[in-house]
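Let me begin by presenting the structure, written as structure tokens, before commenting on it.
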Amino acid sequence: MRFLVTGGAGFIGSHVADALVGGDHEVVILDDLSTGSRENIEHLLQDGQVELVVGSVLEEDLVEECMRSVDACFHLAAVVGVRLVIEQTLDSIRSNALGADTVFTLAARHGKRLLFASSSEVYGQGDGRPLTEGAHRAVGYRMHARWAYASSKMYGEALAQSCVRELGSEMVVARLFNVVGPRQTGTYGMVLPRFVSQALAGADLTVYGDGRQSRCFLHVDDAVQALLALGGANRAIGNVYNVGSPDPVRIVDLARLVIER
């Protein structure tokens with residue numbers, strides 16, 4: 001098959017492209033290289049199975065050209081990272097929400113199956129108690145720029161499910177929880193690579209608050225296996241899946257583990 005991977009030069013997208021090529025598929029990567037890197041996929045561009053198209057998911061004609069040439073799409077292009085979202089809120093909203101609108105509309109128009117990479121951020125500001133899928137979401141203070149990211153992902157989820165319900169499109173939503181691994185950068189606020197960089201430099205590790213807040217981390221190889229399985233499963237169409245780890249880790253314990261390693 002031939003796949004379009006938006007954001008395919010990014011951290012997770014490049015690993016998705018690796019896996020698809022390993023399965024003997026052809027891949028078209030659409031990436032504006034704003035946070036992704038050609039270095040992440042340089043090894044894939046040599047054998048002719050992967051084509052890099054440098055451009056934005058906001059460019060409708062370009063997205064349509066790419067979409068027409070493929071069998072299915074993994075939509076991973078997004079502005080990510082708390083620091084980047086706060087510093088460039090307007091670009092984040094436009095890229096994530098309008099980009100999803102463009103990609104989903106064209107996938108529906110041309111009858112292409114699509115997997116949308118959403119985020120655990122859609123659960124909003126938790127109070128420490130477990131949430132059920134039917135629970136009301138409590139998004140944080142509306143004036144805080146961070147929640148623009150969560151809102152844009154909520155929009156993408158609603159759009160995907162509406163395309164399935166009203167247009168008969170084949171779309172799946174996968175919510176990713178704190179994916180980590182090779183090629184991830186701490187530049188935009190990702191905690192594990194930031195800790196690793198500080199530890200390797202012999203510096204103190206920066207822990208916000210008392211460090212007792214917990215997260216569940218998932219290795220990128222496991223995340224990619226889940227994304228490919230969901231993207232190819234007929235019974236997944238129209239549904240939303242959480243892709244993460246069941247094992248919570250306190251941030252202060254993560255810091256200690258990185259220092260120990």
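Note that the structure is predicted; figures quoted are calculated from it, not measured. By convention here, the first residue in the shown sequence is residue 1.
- No continuous path of ILVMFWY side-chain contacts below 4.5 Å connects V180 to L257, so the two sit in separate hydrophobic clusters.
- Classified by interplanar angle (parallel below 30°, tilted 30° to 60°, perpendicular above 60°), the ring pair Y123/F177 is tilted.
- Contact annotation: the side chain of V220 approaches that of P182 to within less than 4.5 Å [non-hydrogen atoms, C-beta and beyond].
- Judged by distance alone, with hydrogens and angles left aside, the side-chain atoms of R194 form a donor-acceptor pair with the main-chain N or O of T206 at under 3.5 Å.
- The line from CG of D71 to CG of L4 is 11.0 Å long, rounded to the nearest 0.5 Å.
- Crowding of E39 atom CD: a count of heavy atoms from other residues, nucleotides or ligands under 6.0 Å not exceeding 12.
- No continuous path of hydrophobic side-chain contacts links V54 to L58 [ILVMFWY only; heavy atoms under 4.5 Å].
- Between D253 and R212 no salt bridge is recorded (no basic side-chain N to carboxylate O distance below 4.0 Å).
- The hydrophobic clustering, which links ILVMFWY residues whose side-chain heavy atoms are closer than 4.5 Å, places M154 and V173 apart.
- A single hydrophobic cluster is not seen to contain both L205 and V252; linkage of ILVMFWY side chains at heavy-atom distances under 4.5 Å, directly or through other members, places them apart.
- Shown are N40, I41, I12; of these, the side-chain contact (heavy atoms from CB on, under 4.5 Å) with R183 is made only by N40.
- Across every non-hydrogen atom of Y241 and A236, the tightest pair is OH-CA, 3.3 Å.
- Residues C216 and P246 share a closest heavy-atom pair of SG-C, 4.4 Å.
- Donor-acceptor pairing under 3.5 Å is recorded for the side chains of H43 and D18.
- In this structure, L218 and N178 have side chains that are not in contact, with every pair of non-hydrogen atoms separated by 4.5 Å or more.
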(message) Checking H110 against E64 for the side-chain contact (heavy atoms from CB on, under 4.5 Å) test, could you report, in this order, the C-alpha distance in whole Å, the side-chain angles of both residues, the deciding distance, and whether it holds?
(response) CA-CA 9 Å; H110 295 289; E64 181 156 31; 2.8 Å; yes
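- Each of E157, R175, K153 was scored for a side-chain hydrogen bond (donor to acceptor under 3.5 Å, both in side chains) with S118, with one residue passing: E157.
- Checking side-chain atoms of R2 against main-chain N and O of S69 turns up a donor-acceptor pair under 3.5 Å.
- Across all non-hydrogen atoms, the minimal contact from C66 to V28 is SG-CG1, 4.2 Å.
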(message) Assess the residue pair V103 and M67 against the criterion (side-chain contact (heavy atoms from CB on, under 4.5 Å)); give the C-alpha distance rounded to whole Å, side-chain angles, the decisive distance to 0.1 Å, and a yes or no.
(response) CA-CA 8 Å; V103 174; M67 195 68 73; 3.9 Å; yes
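- Using a 4.5 Å cut-off on side-chain heavy atoms (C-beta onward), Y208 and I251 make no contact.
- In plain terms, the two heavy atoms of A226 and V243 that are nearest each other are CB-CG1, 3.7 Å.
- You'll find the side chain of S119 stays beyond 4.5 Å of the side chain of L176, heavy atoms only.
- Once rounded to the nearest 0.5 Å, the distance linking CE of M171 with NZ of K112 reads 12.5 Å.
- The heavy-atom pair separating R113 from G231 by the smallest distance is CD-O, 3.1 Å.
- In terms of heavy-atom proximity, T6 sits nearest to C73 at CG2-SG, 4.3 Å.
- Using a 4.5 Å heavy-atom threshold, the side chains of V5 and L30 count as separate.
- We find the CD1-CG distance between I29 and L44 to be 6.0 Å, quoted to the nearest 0.5 Å.
- L45 contributes atom CG, which lies 5.0 Å from atom CZ of R38 (distance to the nearest 0.5 angstrom).
- Here the side chains of Q161 and V240 are in contact, with some heavy-atom distance below 4.5 Å.
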(message) Run D204 and Q198 through side-chain contact (heavy atoms from CB on, under 4.5 Å) and show every step you take.
(response) CA-CA 7 Å; D204 292 337; Q198 290 176 323; over 6 Å; no
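- Aromatic ring pairs are classed by plane angle as parallel below 30°, tilted from 30° to 60° and perpendicular above 60°; the pair F104 and F116 is perpendicular.
- Donor-acceptor pairing under 3.5 Å is lacking for the side chains of Q49 and H25.
- Going from atom CG of L227 over to atom CZ of F74 covers 7.0 Å, rounded to the nearest 0.5 Å.
- Using a 4.5 Å heavy-atom cutoff, the side chains of V172 and N239 are not in contact.
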(message) Please evaluate residues R109 and L106 with respect to the criterion side-chain contact (heavy atoms from CB on, under 4.5 Å), reporting the C-alpha separation (whole Å), side-chain torsions for both, the decisive distance (0.1 Å), and the verdict.
(response) CA-CA 5 Å; R109 179 184 300 169; L106 294 170; 3.4 Å; yes
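- If you take OG on S14 and CG on L76, they are separated by 10.0 Å, rounding to the nearest 0.5 Å.
- Proximity of a side-chain donor or acceptor of E166 to a complementary backbone N or O of C163 within less than 3.5 Å is not detected.
- Looking only at side-chain heavy atoms (C-beta outward), H75 and V57 come within less than 4.5 Å of each other.
- Looking only at distances, a side-chain donor or acceptor of Q184 sits under 3.5 Å from a matching main-chain atom of V179.
- The cluster map of Ile, Leu, Val, Met, Phe, Trp and Tyr, joined by side-chain heavy atoms under 4.5 Å apart, puts I237 and L114 in the same cluster.
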